[in-house]
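The structure appears right after this line, and notes come after that.
Numbering of residues begins at 1 and proceeds along the displayed sequence. When a ligand or atom number is given, it counts from 1 through the structure's own listing order. All of these numbers come straight from a predicted model, not from anything done at the bench.
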Amino acid sequence: MSDGYMWFEGVPFPTAGFTPEVLREARESFAFKDEDVLLLTYPKSGTNWLIEIVCLIYSKGDPKWIQSVPIWERSPWVETEYGYNSLKDKEGPRLISSHLPIQLMPKSLFNSKAKVIYLTRNPRDVLMSGYFFFGASTFSKKPQSMEEYFGWFIKGNVPYGSWFDHTHGWMSMRGKENFLILSYEELKRDTRSVVEKIRQFLGKKLEPEELNSVLKNSSFQVMKENNMSNFSLLRGQFLDEKNGILLRKGITGDWKNHFTVAQAEVFDRIFQEKMADLPRELFPWE
Ligand SMILES: Nc1ncnc2c1ncn2[C@@H]1O[C@H](COP(=O)(O)O)[C@@H](OP(=O)(O)O)[C@H]1O
Ligand SMILES: CCc1ccc(OS(=O)(=O)O)cc1
């Protein structure tokens, strides 16, 4: 019986676009190549912002690609039916996205030199972003209230499971030279420097005016108006016509407008308990 998720090995997935067969085959058989780039996040951490930036770095700031091809085709999600099938036989270097927890990632990643960028975000803002986004979707369990979604998030009963487990799992890769960890918060605070860091990690060159174009075309306002990037193509079938918005506020600290004092205290306590073994520098919002 469906409870609003498609469960695979204890992890809840959206009900559209995912199957146990593809998840299994991707983990066992998907072959990462050394020249691939993997954009890895827990959902609602700024995944699509990162994809837009990387696409623009690849096109040297030329917006033609991002204005003509849907974002999920430029950097498909390897775990989805569509993404797996479009990536598996693709020639040449590939841009690949994923929200998978480490135990479900294609095994070949760990023997490849593929470059991985892991983008983190304050889980309180991830929670709020997910509450609005999944609440306006047709492919995920709908919460009746923020309080209900808060409880699900703490338990990991949300798409892709527990933020705490996801983060713990992937942080075990920190220090590897092909693994770059960034945060949404630093990307917001100093976008230019972080985009430069990404460019350098990818070994790409940009002229100053090309960098300016990357920044302009990946800005919140320009992305919000780009129908190839703002998920407007998913409205109707997968997202609510009115509230199914990917680029909602694009700020840090929105959780403060929604959490009660009691929820903030509960979250702090759980965060301390679950993340105490990891260095605080990994969480630049704390
Ligand atoms: N160019 C941009 N600048 C800032 N935030 C952006 C952005 N593009 C997307 N985001 C934010 O990233 C979140 C979605 O993440 P994902 O791409 O992982 O689903 C949304 O957060 P909010 O819901 O807090 O506004 C969205 O507004
Ligand atoms: C079916 C399309 C779709 C879109 C977005 C999804 O969630 S997530 O934000 O990438 O986690 C899932 C399915």
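Counting heavy atoms closer than 4.0 Å to ligand 1, residue Ser45 contributes backbone atoms (N, CA, C, O) but none from C-beta onward. The proximity of Met223 to ligand 1, defined as any non-hydrogen pair under 4.0 Å, is limited to the side chain. With a 4.0 Å cut-off on non-hydrogen atoms, Leu246 touches ligand 1 through its backbone as well as its side chain. Contacts between His99 and ligand 1 below 4.0 angstrom, taking non-hydrogen atoms only, are absent altogether. Using a 4.0 Å cut-off between heavy atoms, Phe132 makes no contact with ligand 1 at all.
The distance criterion of under 3.5 Å between nitrogen or oxygen atoms is met by Gly250 with respect to ligand 1. At under 3.5 Å, not a single nitrogen or oxygen of Lys188, backbone or side chain, sits near a nitrogen or oxygen of ligand 1. Every N/O-N/O distance between Pro43 and ligand 1 stays at or above 3.5 Å.
Using a 4.5 Å heavy-atom threshold, the side chains of Ile71 and Met228 count as separate. Looking only at side-chain heavy atoms (C-beta outward), Met128 and Lys249 stay at 4.5 Å or farther from each other. The shortest side-chain heavy-atom distance between Leu95 and Cys55 falls under the 4.5 Å cut-off.
Between Phe139 and Phe134, the ring-plane angle classifies as perpendicular under the 30° and 60° cut-offs. Under the 30°/60° scheme for interplanar angles, the aromatic rings of Tyr131 and Tyr149 are found to be tilted. Relative orientation of the Phe150 and Phe259 rings is perpendicular, given thresholds of 30° and 60° on the angle between their planes. Between Phe132 and His258, the ring-plane angle classifies as perpendicular under the 30° and 60° cut-offs.
Nearest to atom 10 (N) of ligand 1 by heavy-atom distance, out of Phe231, Trp255, Tyr131, Tyr184, is Tyr184. Summarising the contacts of atom 23 (O) of ligand 1 with Ser129, Ser97, Gly46, the nearest heavy atom is found in Ser129. Selection from Arg121, Lys249, Arg248 by nearest heavy atom to atom 21 (O) of ligand 1 gives Arg121.
Taking a 6.0 Å sphere around CD of Glu273, one finds it holds more than 12 heavy atoms contributed by other residues, nucleotides or ligands.
For Phe13 and Tyr5, the distance between ring centers is not under 6.0 angstrom.
Looking at every heavy atom in both residues, Glu186 comes nearest to Lys197 through OE1-NZ, 3.9 Å.
Of all the atoms in ligand 1, the ones that sit under 4.0 Å from a non-hydrogen atom of Ser219 are 1 (N). Shown in contact with Asn48 at under 4.0 Å from a heavy atom are these atoms of ligand 1, numbered in order with element: 16 (P), 17 (O), 19 (O). Set against the non-hydrogen atoms of Ser218, the atoms of ligand 1 under 4.0 Å away are 1 (N).
At least one heavy atom of Leu247 sits less than 4.0 Å from an atom of ligand 1.
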